[in-house]
**Student:** 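What follows is a structure written as structure tokens; I'll ask about it next.
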Amino acid sequence: IVQDANRNMAVGRLTDVQATEDFVETVARSVSARVRATTNVTAGLINTTATVPVQDLDLLGMAGMFRGVTMTVRAEQLMES
């Protein structure tokens, strides 16, 4: 999801940082309502980070030991346009 968002921004389908963050959060809502995304662009490099509580990913109810733990996914992409 994060890589798709960066690629879409790189080719101009997503026009700004807010649109890229919204894309990640909207698509990831099927996994967790608490996913958060941040995007920044520095010298033509798009960097997006998404975080989600590990507990939200627990389908079997066995991740109690992971309360308070957050998973982070990060991707970088060069602007193409």
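Just so we're clear, the structure is a prediction, and the values are computed from it rather than from any experiment.
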**Student:** Provide the closest heavy-atom pair for Ala19 versus Leu14 in the form atom of the first, atom of the second, distance.
**Tutor:**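 Looking at all heavy atoms of both residues, the shortest contact is O-CD2, 4.0 Å.
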**Student:** State whether the number of non-hydrogen atoms from other residues, nucleotides or ligands found under 6.0 Å of Gln3 atom CD is greater than 12.
**Tutor:**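 Counting other residues, nucleotides and ligands, CD of Gln3 stays at 12 neighbours or fewer.
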**Student:** How about Thr39 and Ile46: do any of their side-chain heavy atoms sit closer than 4.5 Å?
**Tutor:**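 The answer is yes, as the side chains (C-beta and beyond) meet within the 4.5 Å cut-off.
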**Student:** Which of these passes side chain to side chain contact (heavy atoms under 4.5 Å, CB included) with Val73: Val2, Val24, Ile1, Val52?
**Tutor:**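 Only match with Val73 under side chain to side chain contact (heavy atoms under 4.5 Å, CB included): Val2.
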**Student:** Looking at every non-hydrogen atom in both residues, tell me the closest pair between Arg74 and Asn47 and how far apart they are.
**Tutor:**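 Taking Arg74 first and Asn47 second, the nearest heavy atoms are NH2-ND2, 2.6 Å.
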**Student:** Between Thr20 and Asn8, is the side-chain contact (heavy atoms from CB on, under 4.5 Å) condition met? List the steps.
**Tutor:** CA-CA 8 Å; Thr20 304; Asn8 280 312; over 6 Å; no
**Student:** Can you find a heavy atom in the side chain of Thr48 that is under 4.5 Å from one in the side chain of Glu21?
**Tutor:**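 With C-beta onward as the side chain, the pair stays apart.
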**Student:** Are Thr72 and Thr49 close enough that some pair of their side-chain heavy atoms sits under 4.5 Å apart?
**Tutor:**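 Yes. Closest side-chain heavy atoms under 4.5 Å.
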**Student:** Could you tell me the separation between the OG1 atom of Thr51 and the CE atom of Met71, rounded to the nearest 0.5 Å?
**Tutor:**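 Here the interatomic distance stands at 9.5 Å.
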**Student:** Evaluate side-chain contact (heavy atoms from CB on, under 4.5 Å) for Val35 paired with Arg29, printing each intermediate quantity in order.
**Tutor:** CA-CA 7 Å; Val35 68; Arg29 291 248 190 273; 4.1 Å; yes
**Student:** Search all heavy atoms of Gln77 against all heavy atoms of Glu80 and return the closest pair with its distance.
**Tutor:**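 The pair with the smallest heavy-atom distance is NE2-OE2, 3.4 Å.
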**Student:** On a heavy-atom basis, which atom in Glu25 and which in Ala37 lie closest, and how many Å separate them?
**Tutor:**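 It is OE2-N, 2.9 Å.
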**Student:** Indicate yes or no: at least one non-hydrogen side-chain atom of Val17 is less than 4.5 angstrom from one of Met9.
**Tutor:**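 Yes; the side chains approach each other to less than 4.5 Å.
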**Student:** Between Asn6 and Ala75, which heavy-atom pair has the shortest distance, and what is it?
**Tutor:**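 For Asn6 versus Ala75, the nearest heavy atoms are ND2-O, 2.8 Å.
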**Student:** With the 4.5 Å side-chain cut-off for hydrophobic clustering, are Phe23 and Leu45 part of the same group?
**Tutor:**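 No, because Phe23 and Leu45 fall into different hydrophobic clusters, even though each may have its own neighbours under 4.5 Å.
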**Student:** Tell me whether Ser32 contacts the main-chain N or O of Ala28 through its side chain, where contact means a donor paired with an acceptor under 3.5 Å.
**Tutor:**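 Between the backbone of Ala28 and the side chain of Ser32 there is no qualifying donor-acceptor contact (under 3.5 Å).
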**Student:** Any side-chain heavy atom of Asn40 sitting closer than 4.5 Å to one from Thr42?
**Tutor:**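 Asn40 vs Thr42: side chains touch.
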